[in-house]
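Here the structure comes first, spelled out in structure tokens, and everything after it is commentary.
Values below: every heavy atom of this structure, side chains too, minus hydrogens, waters and symmetry copies. Since the structure is predicted, the reported quantities are computational estimates derived from the model, not experimental observations.
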Amino acid sequence: MICNKIKMLRAERNWTQAELAQRLGISRQAVISIEKSRYYPSLDLAFKIATVFDCMIEDVFYRG
């Protein structure tokens with residue numbers, strides 16, 4: 001299973017799910033699904049998420 005730290009990273013920046021969604025160009029529902037590991041983003045979106053948080057992809061996603 002692939003897990004992520006998106007909720008934690010988002011909270012550290014005081015961003016809402018809607019704000020993150022806007023920065024990524026995706027829906028708020030998609031952010032919710034990714035945070036809860038119900039949906040795994042494409043590799044392209046995973047890199048975009050890491051870029052938005054200014055970190056490496058391995059800092060966002062990990063094997064759980």
Side-chain angles (χ1 to χ4, degrees):
M1 178 174 186
I2 303 297
C3 302
N4 68 72
K5 299 177 185 176
I6 294 174
K7 187 173 183 176
M8 180 191 71
L9 293 167
R10 185 175 55 75
E12 288 174 355
R13 289 156 178 80
N14 294 316
W15 293 349
T16 65
Q17 291 170 330
E19 288 171 324
L20 178 58
Q22 184 177 15
R23 291 171 188 266
L24 295 170
I26 62 175
S27 70
R28 184 179 65 83
Q29 291 80 9
V31 171
I32 292 167
S33 293
I34 294 168
E35 281 186 355
K36 294 184 177 187
S37 296
R38 286 191 220 144
Y39 168 74
Y40 298 115
S42 66
L43 188 55
D44 186 54
L45 180 54
F47 275 106
K48 193 171 184 179
I49 291 168
T51 299
V52 164
F53 287 123
D54 192 32
C55 61
M56 301 291 293
I57 196 166
E58 296 89 351
D59 297 329
V60 180
F61 298 94
Y62 62 96
R63 189 176 297 250

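Smallest separation of non-hydrogen atoms from Gly64 and Cys3: CA-SG, 3.6 Å. Pairing each heavy atom of Leu9 with each of Arg13, the nearest pair is O-NH1, 2.9 Å.
Enclosure of atom CD in Glu19 by more than 12 non-hydrogen atoms of other residues, nucleotides or ligands within 6.0 angstrom is indicated.
Residue pairs meeting the ring-ring contact (aromatic ring centres under 6.0 Å, His included) criterion with at least one member in residues 6-61, sequence neighbours excluded: Trp15-Phe53. Listed by first and then second residue, the side-chain hydrogen bond (donor to acceptor under 3.5 Å, both in side chains) pairs involving residues 46-64 amount to none (not counting sequence neighbours).
With values rounded to the nearest 0.5 angstrom, Leu43 atom CG is found 5.5 Å from Ile57 atom CD1. From Ile26, atom CD1 reaches atom CG of Leu45 across 5.0 Å, with rounding to the nearest 0.5 Å.
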Item to check | side-chain contact (heavy atoms from CB on, under 4.5 Å) assessment of Leu20 paired with Ile6 | outcome: CA-CA 10 Å; Leu20 178 58; Ile6 294 174; 3.6 Å; yes
Donor-acceptor pairs under 3.5 angstrom involving side-chain atoms of residues 27-38: please list them, not counting sequence neighbours.
from  : atom 1 : to    : atom 2 : distance (Å)
Ser27 : OG     : Ala30 : N      : 3.0
Ser33 : OG     : Gln29 : O      : 3.2
Glu35 : OE1    : Arg10 : NH2    : 3.4
Glu35 : OE1    : Gln17 : NE2    : 3.0
Glu35 : OE2    : Arg10 : NE     : 2.6
Glu35 : OE2    : Arg10 : NH2    : 3.1

